[in-house]
2 protein chains.
Amino acid sequence: MSSISRRSTIIEVARLAGASKTSVSRYFGEERDRLSPSLQARIAHAAGTLGYQPNQMARGLKGGRSKLIGMLVADIRNPFSVAITHGVEQACRQYGYSLVVCNTDNDPKQEHQHLDLLGAYQVEGLVVNASGSPERQLHTFISQGTPIVLLDREVDHVAAEVVGLDNHLAIDMALEHLADQGYQAVLYVSEAPEQSSTRQKRLARFCHAAKQHGLAYATSLLANSDSAATLQALSSFLATHQPSACAVLCGNGNATLIVTRLFQQLGLPLGEVGLMGIDELDWCALVPPGITTLAQPTDTIGKTAVQCLMHRIAPHASSMPTELSFSPTLIERGSTHP
Amino acid sequence: MSSISRRSTIIEVARLAGASKTSVSRYFGEERDRLSPSLQARIAHAAGTLGYQPNQMARGLKGGRSKLIGMLVADIRNPFSVAITHGVEQACRQYGYSLVVCNTDNDPKQEHQHLDLLGAYQVEGLVVNASGSPERQLHTFISQGTPIVLLDREVDHVAAEVVGLDNHLAIDMALEHLADQGYQAVLYVSEAPEQSSTRQKRLARFCHAAKQHGLAYATSLLANSDSAATLQALSSFLATHQPSACAVLCGNGNATLIVTRLFQQLGLPLGEVGLMGIDELDWCALVPPGITTLAQPTDTIGKTAVQCLMHRIAPHASSMPTELSFSPTLIERGSTHP
DNA sequence: TAAGGTAATGGTATCGGTTCCATTTTGAGC
DNA sequence: GCTCAAAATGGAACCGATACCATTACCTTA
């Protein structure tokens, strides 16, 4: 029968320190300086012995400052998303905020629910990697004065910063590399682009730039990770263009994973048939002779997103980042050496 | 100059519906049935037009029910942790709770901070995958009546359910498989076991069981992912035991990643020298001829952890799971065919 | 028809803080 | 030593909900 000891409150600290609620509140808030050194010491001591910690719920209530940032992630199981989330979380903590991460599993319904929820918890800012088009809800946040930053994907009619990769540059770099290496025909494999502005941009740019480079090209879209159609597309692409040197460019990490499986299934020799992916993954170096990738600066992207938010929350405290689109880094491996 | 419209409150809804705060509160709480159909309709309508949503902060204040579960993850970049987190989150939502995930990057200091924080947000339950030994703080939670479940790793002197893999069984299964395949000498590679009871158990069991199976064996510990010592250990292990059939068993996913790199560095033929890992990873099938693994039932583990918590929070609403230690699944691939 | 019980609804204190305003203390200037 | 402003501290209302208790309305049953 252990007695359940409640968490101590500001009143108890005040009583023990021989001070008023107000002073204790000041001590734990922004106004500690206004207290005399002796009072500060008494409060510090009292709080220490009681193990007092302000109740954030109560704090959030009066001033509306929950010290919470909400984040919506489309697919938490994608290592790229995890890396970004990691960056966002670190940055939040640096600014004294906590992060509530909500994974939507690319489901607009879950996205809707999670947005409601984040609203109910009075988040002070929102980092959104959208799965659907939650315009309505995002506008609600905006009209309430809650700043929003879009991560990697735009949302129609929502005027907010979009932080992410410079998609044009990425595609250009990829094609330039492939052309340099002597590939003459490139197949672009992407996950379904409907829900993602980034995927659309990459796809469009691919077609545009492939033409410019004088490359033969085709595209294949993965419908919810079903690779059968792409297997087909890959085979016939090769049949059509070989013996010209052929390569596959993958629009993101998941596409790279799926295509790599297809290469093995078909017994295609990596390198002789080129393979390149956007997003760097742990294992890209491990599949012989290594898969060439374009790595995104995930930490920087995450930090920049938070910096945008902080600038809007407290314009004086933090400056607006100047750069919102970032360049990838080419990591060259054997899969693009014919 | 868009006017910043505040989020509407219960009072506004009450006024619009011509009802009292109390009734509106009942409508959104557990007591909706007590309201007459006509009142329910009026409130529903009012809430709808105002876009009202209860403020969780205020809710949490009075009743102490924040509807929040906190989770401490030692390393969010480990795909295994992500998979578990995913399971935990799903289960939480199912029970009407939200999850606040805190990543500690295996740093006890961050762990300490995050625990403080979760306390401040009045989480109603805690899922802990510990990085250090936060006994003190966990006891504070327990004495306040906040239930705790330990994930994968125990914490000394903290009496709480531990949900995770059956480590003895896992090691036994691995060694049995390796022995069956004809390997006669096994090197066990693990990350530093100091902070993790699971790593300790696996290591100890390995030594015990290898002896029982009559296998030659050795162990090597990775000090913060520095592989130099293990490279050394692996070379000399092979030098000592070859031409007997040798294999390496990796204690977790990260060890598998590092050892796979070493195999490539040394040009070791996978299979001829065996390789097996605990934790299934995306790419294990992709490195020819495929790496044999023991997969953990991550979703089940996550869900079970939450179920434990829910049972403690509301004993009547949810039953206590009977099984807390789970069996792995052997996924056999070419890396263990000599 | 009056008594008595239940269902439906409202009033108000309260949760643990913050914040505005009032009050007390302190110290500088003359 | 006295005045007066500034610094230090305290009092009390308030944030948006919940929960207990009181009240009103409506049926039964004697």
Side-chain angles (χ1 to χ4, degrees), chain A residues 5-44 46-47 50-68 117 119-124 144-145, chain B residues 5-44 46-47 50-68 117 119-124 144-145:
Chain A
S5 64
R6 266 179 31 281
R7 158 179 295 271
S8 56
T9 76
I10 200 172
I11 297 213
E12 296 166 335
V13 176
R15 193 145 37 216
L16 182 57
S20 71
K21 277 172 76 170
T22 309
S23 297
V24 178
S25 170
R26 287 199 174 107
Y27 181 83
F28 286 97
E30 318 271 86
E31 305 181 276
R32 183 174 299 188
D33 311 331
R34 289 182 45 180
L35 270 32
S36 70
S38 94
L39 220 205
Q40 284 190 38
R42 268 152 53 214
I43 293 177
L50 259 52
Y52 169 75
Q53 224 199 331
N55 178 332
Q56 286 289 350
M57 291 281 164
R59 277 190 152 174
L61 192 51
K62 176 69 190 212
R65 29 199 74 274
S66 62
K67 284 289 171 186
L68 241 34
L117 216 110
Y121 281 106
Q122 313 268 100
V123 294
E124 292 183 52
Q144 282 168 195
Chain B
S5 63
R6 266 175 33 278
R7 161 178 293 270
S8 55
T9 76
I10 200 173
I11 297 213
E12 296 165 335
V13 176
R15 194 144 35 214
L16 182 58
S20 71
K21 279 173 74 167
T22 308
S23 296
V24 178
S25 172
R26 287 200 174 106
Y27 182 83
F28 285 96
E30 319 272 84
E31 305 180 276
R32 183 174 301 188
D33 311 330
R34 291 181 44 179
L35 270 33
S36 71
S38 93
L39 220 206
Q40 285 189 36
R42 267 152 56 214
I43 294 178
L50 260 52
Y52 169 75
Q53 223 199 330
N55 179 332
Q56 286 289 352
M57 291 283 165
R59 275 190 156 173
L61 191 51
K62 178 65 194 222
R65 28 199 75 277
S66 62
K67 284 290 172 184
L68 242 32
L117 215 109
Y121 282 105
Q122 313 267 99
V123 295
E124 292 184 51
Q144 282 168 194

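Here is how names work: the chains are called A, B, and so on, in the same order as the sequence lines, proteins then strands, and each is numbered from 1.
- Closest of all the heavy-atom pairs between A/Leu50 and A/Leu16 is CD1-CD2, 3.3 Å.
- With values rounded to the nearest 0.5 angstrom, B/Tyr27 atom OH is found 12.5 Å from B/Ile10 atom CD1.
- At a threshold of 4.5 Å between non-hydrogen side-chain atoms, the residues B/Arg15 and B/Ile11 count as touching.
- Side-chain atoms of A/Gln40 come within 3.5 Å of backbone N or O of A/Leu35 as a donor-acceptor pair.
- Heavy-atom contacts of chain B under 4.0 Å fall on DNA chain C between two terminal nucleotides, which in 5' to 3' order are C/dA8 to C/dG16.
- Across every non-hydrogen atom of A/Gly29 and A/Arg59, the tightest pair is N-NH2, 4.2 Å.
- To the nearest 0.5 Å, atom OG of residue B/Ser20 and atom CD1 of residue B/Ile43 are 7.5 Å apart.
- In this structure, the side chain of B/Glu124 engages the main chain of B/Ser66 through a donor-acceptor pair within 3.5 Å.
- Side chains of A/Tyr121 and B/Leu68 form a contact here, defined as non-hydrogen atoms less than 4.5 Å apart.
- The terminal axes of the helix from C/dT1-D/dA30 to C/dC30-D/dG1, fitted over 5 pairs per end, subtend an angle of 40° to the nearest 10°.
- The closest side-chain heavy-atom distance from B/Leu39 to B/Arg26 is not below 4.5 Å.
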Taking N or O atoms only and anything under 3.5 Å, show me the protein contacts with nucleotides 11-18 of chain D, one pair per line.
| from | atom 1 | to | atom 2 | distance (Å) |
| --- | --- | --- | --- | --- |
| D/dG11 | N7 | A/Thr22 | OG1 | 3.3 |
| D/dG11 | O6 | A/Thr22 | OG1 | 2.8 |
| D/dA12 | N6 | A/Thr22 | OG1 | 3.4 |
| D/dC14 | O2 | A/Lys62 | NZ | 3.3 |
| D/dC15 | O2 | A/Lys62 | N | 3.4 |
| D/dA17 | OP1 | B/Tyr52 | OH | 3.0 |
| D/dA17 | OP1 | B/Asn55 | N | 2.7 |
| D/dA17 | OP2 | B/Ile10 | N | 2.3 |
| D/dA17 | O5' | B/Tyr52 | OH | 3.3 |
| D/dA17 | N7 | B/Lys21 | NZ | 3.1 |
| D/dA17 | N6 | B/Lys21 | NZ | 2.9 |
| D/dT18 | OP1 | B/Arg59 | NE | 2.9 |
| D/dT18 | OP2 | B/Ser25 | OG | 2.2 |

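- Between the side chain of B/Arg7 and the main chain of A/Gln144, no donor-acceptor pair closer than 3.5 Å is present.
- Side-chain N/O atoms of A/Ser36 include none lying less than 4.0 angstrom from OP1 or OP2 on D/dA8.
- Atom P of nucleotide D/dT24 and atom CG of B/Leu35 are separated by 19 Å, given to the nearest angstrom.
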